[in-house]
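Some notes on the structure that comes next.
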2 protein chains.
Amino acid sequence: MNKDKSTEEKIKDAARRVFTQKGYAATRTRDIAEASGVNLALLNYYFKSKENLFDIIMLENIREFSHSVLAILNNRDTSFYQKIELLAAHYIDKLIQNPEIPIFLLAEVKDNPKKLFAALDKRADFKNSIFVQQWLELKDIKKTAALNPFHIIMNMVSMIIFPFIANPMIRNRTGMNQEQFNNMMLERKKLIPVWITEMIQQK
Amino acid sequence: MNKDKSTEEKIKDAARRVFTQKGYAATRTRDIAEASGVNLALLNYYFKSKENLFDIIMLENIREFSHSVLAILNNRDTSFYQKIELLAAHYIDKLIQNPEIPIFLLAEVKDNPKKLFAALDKRADFKNSIFVQQWLELKDIKKTAALNPFHIIMNMVSMIIFPFIANPMIRNRTGMNQEQFNNMMLERKKLIPVWITEMIQQK
DNA sequence: GTCTATATACGGATAGAC
DNA sequence: GTCTATCCGTATATAGAC
């Protein structure tokens with residue numbers, strides 16, 4: 001399986017894992033070489049430098065992330081409320097598989113936002129998404145400051161992603177094990193859309 | 001002002017700033033020496049090693065954090081709903097002052113949760129807090145799964161902290177500047193308690 | 001306690017053989 | 001394309017003078 005991958009792919013796969021786990025600064029090119037089973041010199045042969053390899057990985061991460069949000073936010077075939085359910089379900093499932101992505105991504109983006117976002121799809125601007133369009137067409141929304149759709153998106157994203165970022169601290173404080181944590185997140189797959197819906201509906 | 005601080009304090013202050021901003025691995029002891037205006041050799045004289053200095057800083061960070069939550073959660077003189085308002089207001093104000101703390105703390109904790117939490121106050125267990133006690137005494141709570149107070153705390157903490165962690169990404173995607181971001185968070189000081197209250201109240 | 005100078009190790013990168 | 005050997009800058013840590 002891994003055997004017939006090109007050397008270049010093997011390096012990228014290992015780099016993705018190691019960078020994600022340890023962050024850029026703490027990762028040694030030697031770690032990546034070992035993890036990929038490839039000779040150290042080949043990293044520079046294929047990718048020129050550690051930084052360049054990192055940039056490639058990060059760009060893919062960000063593109064993939066952005067792309068999958070857009071696919072949901074800009075789907076004309078789903079309703080506003082369906083989108084909320086889809087976002088919660090999709091991301092929680094994804095994050096249970098790859099729990100280290102958010103903290104890695106956000107920590108590294110902090111150091112160099114410009115470089116990393118430079119190549120990002122302009123359409124990723126959520127203000128022009130179908131989701132926001134549908135929001136504006138909704139009849140049952142509140143007439144309070146909470147009406148700002150930005151807050152609602154912010155709340156949803158926060159409630160989905162933050163627990164994964166705080167996972168080690170949560171587990172330490174509550175004594176949960178990883179399985180219990182995941183079950184808690186699966187519970188939230190159903191709860192978050194309910195909470196969000198309550199926030200926006202007129203009463 | 002800074003002049004009459006002891007050399008040891010000057011180093012710690014600078015270390016706190018530099019570590020918080022760059023993370024452990026990316027921080028060079030030279031950076032701390034420069035930032036504190038202290039000779040490089042003195043770092044090892046006072047703190048033995050970079051790692052030891054880091055551990056001291058982190059422990060203080062975690063203790064301080066834990067202590068300030070507890071002070072609110074375990075106050076007998078405030079009601080349940082007041083605590084929610086106090087938590088939101090207190091943390092948002094604090095995070096506007098020190099926006100880099102959460103991502104730094106969570107990123108580093110991830111690498112070594114055991115060491116860092118070892119010395120933490122056992123009472124920090126929120127399950128035994130007055131806050132949860134007051135929750136259980138509430139009459140107007142929902143009879144749904146959302147009743148689990150853990151989810152409610154999780155939501156509140158998420159909605160407060162996550163925006164700061166995602167700040168660079170949010171600003172990049174929305175075009176907000178830092179002042180607009182802070183105003184948005186000040187808005188949330190009032191909104192979050194409202195949202196949380198709605199989540200838990202029987203309808 | 002504070003400094004200069006330096007030992008020592010590590011990590012990224014490359015030269016050059018195969 | 002892949003390997004071994006190595007260069008070289010950099011970073012932590014310490015020795016030793018003041």
Side-chain angles (χ1 to χ4, degrees), chain A residues 1-61 100 104 107-108 110-112 115-116, chain B residues 1-61 100 104 107-108 110-112 115-116:
Chain A
M1 353 200 327
N2 212 343
K3 295 275 180 183
D4 29 21
K5 276 192 184 149
S6 71
T7 300
E8 199 173 337
E9 267 313 308
K10 278 193 261 182
I11 294 171
K12 268 173 66 172
D13 287 348
R16 209 181 335 267
R17 291 198 305 275
V18 180
F19 277 138
T20 301
Q21 206 198 31
K22 310 173 62 149
Y24 177 76
T27 294
R28 302 174 311 148
T29 52
R30 282 165 167 82
D31 297 333
I32 299 174
E34 277 173 41
S36 58
V38 158
N39 186 283
L40 173 62
L42 293 180
L43 301 214
N44 293 294
Y45 175 77
Y46 282 105
F47 295 98
K48 185 64 187 171
S49 74
K50 173 186 174 184
E51 191 182 354
N52 185 48
L53 174 56
F54 178 78
D55 289 347
I56 290 170
I57 301 289
M58 277 301 270
L59 223 58
E60 287 183 6
N61 266 336
E100 350 65 39
F104 163 67
E108 301 290 350
K110 182 194 62 166
D111 299 333
N112 211 335
K115 179 168 76 174
L116 292 167
Chain B
M1 358 191 331
N2 211 344
K3 295 274 177 181
D4 30 20
K5 275 193 184 148
S6 71
T7 301
E8 198 172 339
E9 267 313 309
K10 278 194 261 181
I11 294 171
K12 269 173 68 173
D13 287 350
R16 208 180 337 266
R17 289 198 306 274
V18 180
F19 277 138
T20 302
Q21 204 197 31
K22 310 174 62 150
Y24 178 77
T27 294
R28 302 173 311 148
T29 51
R30 283 166 166 79
D31 298 332
I32 299 173
E34 278 174 38
S36 57
V38 159
N39 186 283
L40 174 60
L42 293 181
L43 301 214
N44 294 293
Y45 175 77
Y46 281 105
F47 295 97
K48 184 66 187 170
S49 73
K50 172 186 173 182
E51 192 182 355
N52 185 48
L53 174 56
F54 178 78
D55 290 346
I56 290 171
I57 301 289
M58 277 301 270
L59 224 57
E60 287 184 6
N61 265 337
E100 351 65 41
F104 163 66
E108 302 289 351
K110 182 193 64 167
D111 299 333
N112 211 334
K115 178 169 75 174
L116 292 168

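Every chain is numbered from 1, with letters handed out A, B, ... down the list of sequences.
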**Item:** Nucleotide D/dG16, atom P - distance to CG of B/N39 in whole Å
**Value:** 17 Å

**Asked** From the list D/dA15, C/dG12, D/dC3, which nucleotide is the closest neighbour of the side chain of A/L42?
**Response** D/dC3

**Asked** In whole Å, what is the span from the CG atom of B/L40 to the P atom of C/dA5?
**Response** 13 Å

**Request:** Rounded to the nearest angstrom, tell me the gap between atom CG in A/D31 and atom C1' in C/dC10.
**Result:** 12 Å

**Request:** Mind telling me whether B/F54 and B/F19 have parallel, tilted or perpendicular rings, with 30° and 60° as the class edges?
**Result:** perpendicular

**Item:** Contact under 4.0 Å: A/T7 side-chain N or O vs D/dG1 OP1/OP2
**Value:** no

**Asked** Rounded to the nearest 0.5 Å, how far does CD of B/E34 lie from OG1 of B/T29?
**Response** 10.0 Å

**Request:** Using modelled atom types only, decide if a donor and an acceptor are shared between the side chain of A/K110 and the backbone of B/Q21 within a distance under 3.5 Å.
**Result:** yes

**Complete:** Rounded to whole Å, CD1 of A/I11 lies from P of D/dC3 at a distance of 10 Å

**Asked** What's the OH-P distance between B/Y46 and D/dA13, to the nearest Å?
**Response** 18 Å

**Prompt:** Does the pair A/K10 and A/D13 meet the rule for a salt bridge (Lys or Arg N to Asp or Glu O under 4.0 Å), with working shown?
**Reply:** CA-CA 5 Å; A/K10 278 193 261 182; A/D13 287 348; over 6 Å; no

**Prompt:** With respect to the phosphate group of D/dA11, does any side-chain polar atom (N or O) of B/R28 fall under 4.0 Å of OP1 or OP2?
**Reply:** yes

**Item:** Closest non-hydrogen atom pair, B/N44 against B/S49
**Value:** OD1-CA, 4.0 Å

**B/N44 side-chain proximity, nearest of C/dT2, D/dT2, D/dT14** = D/dT14

**Prompt:** Between C/dA13, D/dT4, D/dA13, which nucleotide has the shortest distance from any of its atoms to the side chain of A/S49?
**Reply:** C/dA13

**Prompt:** B/L53 has an atom CG; how far is it from atom P of D/dA11, in whole Å?
**Reply:** 17 Å

**Request:** Figure out the NZ/P separation between B/K48 and D/dA15, and round it to whole Å.
**Result:** 9 Å

**Asked** Over how many whole Å does the gap from B/Y24 atom OH to D/dA11 atom P extend?
**Response** 14 Å

**Request:** Quick one: label B/Y45 by what it contacts on the DNA or RNA (base, sugar-phosphate, nothing), any heavy atom closer than 4.0 Å.
**Result:** base

**Prompt:** Think A/T29 has a side-chain N or O under 4.0 angstrom from the OP1 or OP2 of C/dG12?
**Reply:** yes

